[in-house]
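Presented below is the structure to which this report refers.
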Amino acid sequence: MQLDLNLLTALDALLEEGSVAGAAARLHVTAPAMSRTLGRIRKATGDQILVRTGRSMVPTTRSLAMRAEVHALVQQAHQLLSAHQELDLAALDRVFTVRWHDALTAACGTTLTTAVHRQAPGVRLRLSAEPGTDDAELRRGEIDLESSSSRPTLPDISHRLVGRDRLVVAVRPGHPLTETLTSLESYAAAEHLTVSRRGSLRDPIDDALTTRGLERRVVAAGPTASFALQLALGTDLVVTLPDAVTRTARDQLGLVTLPLPLPLPDVPLYLLWHQRYDDDRAHTWLRETATETVQALFAPPTASQQPLTNRSGQ
């Protein structure tokens, strides 16, 4: 059985773009030529791949099932055939999917997008919401770069420590804690808000308080850091969050930042990717660009960005 491996590249583009016209533009061929290629793919696979629904086309069940594997095969072939070529960013045509924590995306997603577009205008970024840890998506090639506060446990997931963030307390202006946050007891006595995609009303702070014989009252859980900060602005709820990745959002909202009166280790921040991309020059460039962007968050804050001290200590 003879197969034209160019069909894999075309199939990857069709599944990525979801249309004949989009795939044709991506591969720099005419729409009629791509339509003929789709016909060849249909004949080779025995599947329609894309079917028309109204004015758009949708993938078939089988094409959805094979999409990740096709993408991985095309990327592997690209690495194999271009390993000794210099990376030409000006000519690079590729889609990268970056899945970061919402606070990290809010803090430096604009900077990353700007830097990538300036250096490689043919590259497109998908800044994906973070639904939860799913190493399988990294392994399937559906996610190119991910953020995490934990080191990966699987041997085929590569990682890089890009910074460590301390926890701080954010409250609205005029909040009672701006006058009374003088002890761990006053912190624990306040009403709190956690940040949890799964709606958990407990996090490691509660465990640390328990070992000291204290307990705080968590009255709400927010799904994202941005939601939590908005809620803290409009209520007396207290939210405890990493400092660097939420600093810009806190400043924009005018929230007051207080030191956390609880000795906890800094929160590490890792970038994760599958080891298939270790020697991929385009992916290496993306990792380096992302690392520089994220590490800029951890530069020493200016005097205006320093957390307030409680007044009894002034």
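- For the pair R216 and D206, the salt-bridge criterion is met [side-chain N within less than 4.0 Å of a carboxylate O].
- Of the inter-residue distances, the one linking M66 atom CE with L64 atom CG reads 9.5 Å to the nearest 0.5 angstrom.
- At a threshold of 4.0 Å, the pair E142-R99 does not count as salt-bridged, since none of the basic side-chain nitrogens sits closer than that to a carboxylate oxygen.
- For the residue pair V162 and V294, the shortest heavy atom distance occurs at CG2-CG1, 3.8 Å.
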R287/T284 under side chain to side chain donor-acceptor pair (under 3.5 Å): CA gap, chis, key distance, verdict: CA-CA 5 Å; R287 298 196 303 267; T284 299; 3.1 Å; yes
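- In plain terms, the two heavy atoms of P173 and L233 that are nearest each other are CD-CD1, 4.2 Å.
- In this structure, R26 and R124 have side chains that are in contact, with non-hydrogen atoms separated by less than 4.5 Å.
- No side-chain donor from either of S150 and S148 sits under 3.5 Å from a side-chain acceptor of the other.
- Put simply, the residue from D88, D280, D12 that forms a salt bridge (charged side-chain N to carboxylate O under 4.0 Å, His left out) with R94 is D280.
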Intermediate values then yes/no, salt bridge (charged side-chain N to carboxylate O under 4.0 Å, His left out), D243 and R250: CA-CA 9 Å; D243 179 28; R250 297 194 318 269; 2.7 Å; yes
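- Listed here is the closest heavy atom pair of W273 and L271: CZ3-O, 3.5 Å.
- Considering H192, E191, R172 in turn, H192 is the only one that fulfils the side chain to side chain contact (heavy atoms under 4.5 Å, CB included) rule with V238.
- Looking at V245, T293, T113 one by one, the single match for side chain to side chain contact (heavy atoms under 4.5 Å, CB included) with C108 turns out to be T293.
- The closest side-chain heavy-atom distance from L229 to L241 is below 4.5 Å.
- Using a 4.5 Å cut-off on side-chain heavy atoms (C-beta onward), P259 and V169 make no contact.
- Summarising the geometry of D165 relative to P242, their closest heavy-atom pair is OD2-CB, 3.2 Å, with the distance given to 0.1 Å.
- When each of L145, V98, V95, T97 is tested with L125 by the rule side chain to side chain contact (heavy atoms under 4.5 Å, CB included), just one qualifies, namely V98.
- In the hydrophobic cluster analysis, where Ile, Leu, Val, Met, Phe, Trp and Tyr join through side-chain heavy atoms closer than 4.5 angstrom, L209 is grouped together with V267.
- In terms of hydrophobic clustering, with Ile, Leu, Val, Met, Phe, Trp and Tyr side chains grouped at heavy-atom distances under 4.5 Å, V256 and L231 are assigned to different clusters.
- Within 6.0 Å of the CZ atom in R151, the count of heavy atoms belonging to other residues, nucleotides or ligands does not exceed 12.
- Contact check for H101 versus R197: side-chain heavy atoms found under the 4.5 Å cut-off.
- Distance check: H274 NE2 to L154 CG gives 8.5 Å after rounding to the nearest 0.5 Å.
- Counted within 6.0 Å of CD on E69, heavy atoms from surrounding residues, nucleotides or ligands total 12 or fewer; the atom is thus considered open.
- Here CE of M57 is found 5.0 Å from CG of L50. Values are rounded to the nearest 0.5 Å.
- Around CD of Q275, the count of heavy atoms belonging to other residues, nucleotides or ligands within 6.0 Å exceeds 12.
- Judged by distance alone, the side chains of D278 and S158 do bring a donor and an acceptor atom under 3.5 Å apart.
- Using a 30° and 60° split on the angle between ring planes, H283 and F96 fall in the perpendicular class, above 60°.
- Residues R202 and D207 meet the side-chain proximity criterion, which asks for heavy atoms closer than 4.5 Å.
- Ion pairing of R160 with E288 is present here, as a side-chain N (NZ or NE/NH1/NH2) and a carboxylate O approach within less than 4.0 Å.
- Side chains of W285 and V123 form a contact here, defined as non-hydrogen atoms less than 4.5 Å apart.
- Residues S200 and A221 approach most closely at O-CB, 3.5 Å, considering heavy atoms.
- Side-chain contact between L258 and Y187 is absent, with no heavy atoms from C-beta onward closer than 4.5 Å.
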Could you go through D203 and T194, starting from their C-alpha distance and side-chain angles, then the distance that decides it, and tell me whether this counts as side chain to side chain donor-acceptor pair (under 3.5 Å)? CA-CA 7 Å; D203 63 26; T194 61; 5.5 Å; no
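- Tested against L260 for a side chain to side chain contact (heavy atoms under 4.5 Å, CB included), the candidates L184, V168, T240 yield a single pass: T240.
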